[in-house]
Amino acid sequence: DRQTLVAVLQFLRRSNLRESEEILRREARLLGDDLGAAALSPAGAGLLGAPGGDADAAGGEALLSRVTTAAATAIGGSAATLLLYSNGFAVGGGVAVEDQPDVSAVLSAYNQQGDPTLYEEYYSGLKHFIECSLDCHRAELSQLFYPLFVHMYLELVYNQHESEAKSFFERFHGDQECYYQDDLRVLSSLTKKEHMKGNETMLDFRTSKFVLRISRDSYQLLKRHLQEKQNNQIWNIVQEHLYIDIFDGMPRSKQQIDAMVGSLAGEAKREANKAKVFFGLLKEPEFDVPLDDEDEEGENEEGKPKKKKPKKDSGGSKSKKQDPNAPPQNRIPLPELKDSDKLDKVMNMKEAARRVRLGPECLPSICFYTFLNAYQGLTAVDITDDSSMIVGGFADSTVRVWSVTPKKLRSVKTAADLSLIDKESDDVLERIMDEKTASELKILYGHSGPVYGTSFSPDRNYLLSCSEDGTVRLWSLQTFTCLVGYKGHNYPVWDTQFSPYGYYFVSGGHDRVARLWATDHYQPLRIFAGHLADVTCTRFHPNSNYIATGSADRTVRLWDVLNGNCVRIFTGHKGPIHSLAFSPNGRFLATGATDGRVLLWDIGHGLMVGELKGHTDTVYALRFSRDGEILASGSMDNTVRLWDAVKAFEDLETDDFTTATGHINLPENSQDLLLGTYMTKSTPVVHLHFTRRNLLLAAGAYSSQ
Amino acid sequence: MEPAKMASPKSAPKDAQVMAQILKDMGITEYEPRVINQMLEFTYRYVTTILEDAKIYSGHAKKSNVDADDVRLAIQCRTDQSFTSPPPRDFLLDIARQKNQTPLPLIKPYSGPRLPPDRYCLTAPNYRLKSLQKKVSSSAGRITVPRLSVGAVSSRPSTPTLGAPAAQAVSMSAKVGTPVSLAGQRFTVQIPSSQAAVKSATPTTPTVQNVLINPSLIGPKNILITTNMVSSQNPSNESNPLKRKHEDDDDYDNL
């Protein structure tokens with residue numbers, strides 16, 4: 001008779017007999033302690049399912065929910081937790097009853113909005129309306145189809161109306177955009193409520209709001225239509241699961257919209273991209289450069305060569321104003337410059353002087369390193385900054401380091417022998433090396449799963465590798481042994497990278513977070529959580545203050561190292577992102593994904609500024625040339641393409657309207673920007689690297705099909 | 001090892017055909033033929049595990065047949081064990097918030113290789129040297145001491161050698177009686193593993209680490225004794241089978 005009580009309440013509510021409902025509820029509360037939580041939760045869901053479009057019902061819902069929670073606490077902790085558990089994974093911003101946010105948050109995000117058999121009617125009604133609307137509004141309103149379809153389908157599945165869910169899916173899944181087909185395939189396999197429990201991505205999708213950007217006119221049109229009596233259900237769903245970011249201005253065209261949508265969570269809200277980002281570079285420390293010719297030029301932070309007299313050491317930097325876009329030098333603690341680092345910088349500057357200036361007339365030569373006999377096992381490649389060593393991570397869990405130059409790899413002598421050498425001699429760094437161990441290849445064993453990411457440290461002393469076994473390992477390149485295993489991700493780690501200054505490194509994996517570590521801490525320093533699906537690619541900004549992560553949820557996020565906040569969200573890719581590259585001046589980001597497009601982003605304004613179409617398969621490697629003139633992209637379609645970066649970034653329209661609304665008008669200039677396409681012999685390109693003199697090195701494993 | 005198109009269903013057993021159809025439904029069009037076998041194996045293993053568990057649960061509940069509830073319970077328990085999924089989003093956001101509140105630690109300058117504390121590193125030796133008990137040698141006159149060999153220039157420091165305290169080396173050389181002139185020559189104490197047990201060599205240092213004898217300790221005699229991490233110390237004495245058997249019993253003695 002609990003059920004009958006609850007059913008009576010439901011009936012009274014449906015017939016809008018408010019007062020009698022109140023009385024009955026109050027009396028029911030007195031019997032409170034035998035209202036089982038289990039009986040309550042489906043009943044509660046059913047009760048709330050009554051049409052709740054108007055404010056009154058919202059008040060009623062709140063009251064009932066208070067009854068629910070009161071009864072739950074009266075019953076006892078275990079029952080209450082049972083109730084909360086069944087609603088537990090719907091916590092978090094899912095419900096949109098605006099005036100009762102705190103209470104509603106406790107309840108399930110999937111109330112029964114009306115009769116399940118009528119869902120198809122609602123959807124086709126909306127479809128009809130949108131198709132009959134004006135052309136200028138139609139493109140924007142069509143954005144509603146996909147999120148509504150998915151949420152309605154998931155609601156039917158969650159409330160266990162399997163047959164209705166199946167027929168709903170059958171009827172409407174063909175109407176969705178082509179770039180959602182992968183998601184829809186996953187969705188088609190979710191037919192029961194139990195299937196949803198293990199799928200974290202789907203759960204996140206349910207609880208987070210899908211963001212849509214619609215102009216005010218289109219929104220008014222939609223709202224007017226949906227608030228009519230018969231369309232109330234859809235209005236509820238829209239309010240509950242969608243976040244509509246309204247902007248004033250012209251509605252967007254289909255092309256503009258298509259460029260920006262595609263991610264699992266819709267687009268990015270405008271506020272998400274408004275935080276200030278310090279994208280400038282840190283000042284290079286000035287120090288005396290031993291000159292061997294008079295025209296040696298030092299570099300300042302903009303990369304413009306500056307004439308510097310050898311006597312002065314910091315005079316030059318004082319005259320330059322602090323770049324307003326550069327972070328303060330001590331914003332994040334960075335390791336000090338050791339003598340070996342200074343020597344390295346001197347070498348760098350000398351090489352920079354001999355660097356080839358690239359441009360559309362002067363394309364780089366490309367030297368391709370092919371890994372033979374890898375049998376599709378090559379999963380990660382990295383090359384040191386001075387191009388002296390190359391490392392390959394393999395599916396058989398080994399990490400192999402090769403020397404690219406004629407100088408072989410040596411390990412340090414044993415402790416016993418080290419005591420014999422003369423420590424005061426000039427070439428002590430040579431003497432500590434053991435000649436007997438010289439070889440071109442060193443194999444490092446230690447991981448217990450395929451190695452998915454590798455990264456050399458800038459000082460070439462350490463090597464990082466991350467693997468499917470969930471650990472990130474730090475190897476010493478002086479003894480060729482493993483030093484530390486960093487455990488934190490308990491799931492495959494897809495990518496890792498050292499900071500450009502060393503000491504910090506970032507890793508991203510299947511658990512949907514990226515972690516920032518320091519080599520001397522066994523636990524991560526920062527955790528960057530926010531992605532809805534695996535983090536597949538992680539890169540540091542050249543000033544080491546920001547980290548970009550690309551994910552399988554098709555967004556790219558930029559995180560601040562100092563406080564772990566997400567400062568930018570870039571949507572627009574239609575597939576998981578596999579490569580990221582920052583431009584050397586720190587202002588732009590290039591991203592490549594499985595959809596074969598390379599997108600260019602302006603970090604400061606948070607806008608997409610370019611789209612490079614040409615590749616036909618996943619873009620696995622992206623790299624800017626040393627001065628940022630050329631962008632090289634390597635892909636699974638066995639080609640390396642060179643793009644004109646200078647032209648792509650010049651004359652950006654950044655007037656107020658663009659920045660305010662985030663509208664972009666991308667020119668269709670991919671063909672103009674493409675400087676060259678270079679095919680390999682059935683070797684997908686996995687890594688690209690510009691040497692200090694702007695020679696392009698590429699790496700991949702020969703695959704014989 | 002080339003990925004094949006879908007395997008021909010004509011001669012495949014029904015299970016394999018079903019599996020191929022499932023793969024097709026999930027949108028996987030290119031796969032090696034072994035994939036079907038692996039998936040079938042997994043299916044078989046999973047189903048039998050669940051059914052066995054279900055049988056146990058129904059037996060525990062004193063039921064005569066296995067019914068759906070038992071199977072459901074079995075599935076639920078196994079899911080929590082084997083198919084763990086990453087933590088939910090709100091949990092991650094929570095721990096991220098906690099972790100991100102602490103400021104980044106300052107970096108101490110000039111602190112050498114920056115590694116975590118030793119117990120979190122993998123740099124410790126992964127073996128232990130056995131401690132040796134002083135055993136009274138039954139056979140008198142047996143050389144149970146490291147043999148001193150005069151090898152000045154030819155002694156290479158990298159040969160595996162075992163170190164012994166300097167004083168003992170000197171005294172032992174006296175015991176051995178080998179006419180050795182120690183002045184002004186460099187010696188390497190070599191202990192061939194096939195020979196005498198070196199138990200007595202280390203009564204004072206029960207655990208021999210990589211002891212590096214400072215030449216200054218040795219004094220004017222300039223005997224350099226080197227040790228090596230890869231120790232060739234092998235207490236078992238091949239020439240005396242009895243003794244070796246004794247050693248084997250002590251393999252896991254207290255250290």
Side-chain angles (χ1 to χ4, degrees), chain A residues 89 91-92 181-182 185 188-189 194 197-200 203-204 207-208 332-336 338 375-376 414-417 419-420 436 446 461 473-474 476 481-485 490-491 503 510-513 518-530 532 561-565 704-705, chain B residues 1-3 22 25-28 30 72 75-76 79 83-117 119-123 156-158 160-161 163 210 212-215 224 226-230:
Chain A
F89 46 86
V91 165
Q181 287 310 318
D182 286 336
R185 201 180 304 119
S188 68
S189 66
E194 291 80 37
K197 280 203 200 125
N199 195 337
E200 286 302 325
L203 293 176
D204 286 349
T207 52
S208 57
I332 62 165
L334 290 172
E336 85 284 359
K338 298 206 265 259
Y375 298 115
Q376 296 169 333
T414 56
D417 302 334
S419 62
L420 294 178
K436 278 198 268 17
N461 287 335
R473 280 183 182 244
L474 183 75
S476 163
T481 54
C482 184
L483 298 176
V484 195
N490 292 321
Y491 295 92
Y503 182 69
H510 177 62
D511 56 355
R512 312 191 313 284
V513 302
T519 51
D520 57 4
H521 288 79
Y522 62 97
Q523 282 184 339
L525 299 175
R526 291 282 180 262
I527 295 186
F528 305 114
L532 297 180
V561 164
L562 187 64
N563 47 25
N565 295 337
S704 51
Q705 75 260 19
Chain B
M1 276 215 254
E2 299 186 5
I22 293 176
D25 281 342
M26 294 304 288
I28 305 169
E30 284 186 16
R72 218 170 278 136
I75 292 176
Q76 198 185 338
T79 312
F83 302 107
T84 51
S85 52
R89 192 157 173 242
D90 42 357
F91 176 73
L92 290 173
L93 288 171
D94 209 25
I95 57 171
R97 196 179 21 246
Q98 273 182 347
K99 206 48 137 174
N100 297 343
Q101 268 166 3
T102 54
L104 291 172
L106 295 172
I107 305 177
K108 284 200 281 277
Y110 312 114
S111 49
R114 298 196 164 98
L115 294 176
R119 64 178 179 282
Y120 300 108
C121 286
L122 303 169
T123 46
R156 291 180 304 277
S158 56
T161 55
N210 46 337
L212 190 63
I213 308 294
N214 197 333
L224 187 75
T226 59
T227 59
N228 193 311
M229 288 269 285
V230 183

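Values below: all heavy atoms of this structure, side chains included; hydrogens, waters and symmetry mates excluded. Chain letters run A, B, ... following the sequence lines, proteins first, then strands; residues in each count from 1.
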Inset, instruction - Check each atom of A:L334 against the heavy atoms of chain B and say whether the ones under 4.5 Å are side chain, backbone, both or neither. - result: backbone
Inset, instruction - Please flag which part of B:Y110 lies under 4.5 Å from any non-hydrogen atom of chain A: side chain, backbone, both or neither. - result: both
Inset, instruction - Please answer whether the main-chain N or O of B:P87 pairs with a side-chain N or O of A:R512 as donor and acceptor at a distance below 3.5 Å. - result: yes
Legend entry - Closest non-hydrogen atom pair, B:A96 against A:A529: CB-CB, 3.9 Å
Inset, instruction - Check the pair B:L115 / A:V484 against side chain to side chain contact (heavy atoms under 4.5 Å, CB included), numbers first and verdict last. - result: CA-CA 8 Å; B:L115 294 176; A:V484 195; 3.8 Å; yes
Legend entry - Separation of A:N563 CG from B:L104 CG (nearest 0.5 Å): 9.0 Å
Legend entry - Distance in Å, B:D25 CG paired with A:S188 OG, rounded so as to fall on 0.5 Å steps: 7.5 Å
Legend entry - Heavy-atom pair count under 4.5 Å with chain A, highest-scoring of B:L92, B:T123, B:N100: B:N100
Legend entry - Shortest non-hydrogen contact between A:Q523 and B:K99, atoms and distance: OE1-NZ, 3.6 Å
Legend entry - chain A interface, residue from B:I95, B:T102, B:L106 that has the most non-hydrogen pairs under 4.5 Å: B:T102
Legend entry - Interatomic distance, A:I527 atom CD1 to B:D94 atom CG [nearest 0.5 angstrom]: 10.5 Å
Legend entry - Atom of A:D520, atom of B:P117 and distance for their closest heavy-atom approach: O-CD, 4.5 Å
Inset, instruction - Start with the C-alpha gap between A:N490 and B:T84, add the side-chain angles, then the distance that decides, and say whether side chain to side chain contact (heavy atoms under 4.5 Å, CB included) holds. - result: CA-CA 10 Å; A:N490 292 321; B:T84 51; over 6 Å; no
Legend entry - Interchain contact, B:P103 with chain A, by part (heavy-atom threshold 4.5 Å): backbone
Legend entry - Heavy-atom contact with chain B under 4.5 Å, split by part of A:Y491: side chain
Inset, instruction - Apply side chain to side chain contact (heavy atoms under 4.5 Å, CB included) to A:V513 and B:R89, showing your working. - result: CA-CA 10 Å; A:V513 302; B:R89 192 157 173 242; over 6 Å; no
Inset, instruction - Would you name the heavy atoms of A:E336 and B:P109 that are closest together and state the gap between them? - result: OE1-CA, 3.6 Å
Inset, instruction - Measure distances from A:T481 to the heavy atoms of chain B and classify the residue's part below 4.5 Å as side chain, backbone, both or neither. - result: neither
Inset, instruction - Using a cut-off of under 4.5 Å on heavy-atom pairs, state which of A:D511, A:T519, A:L532 scores highest against chain B. - result: A:T519
Legend entry - Contacting moiety of B:T79, where chain A heavy atoms sit under 4.5 Å: neither
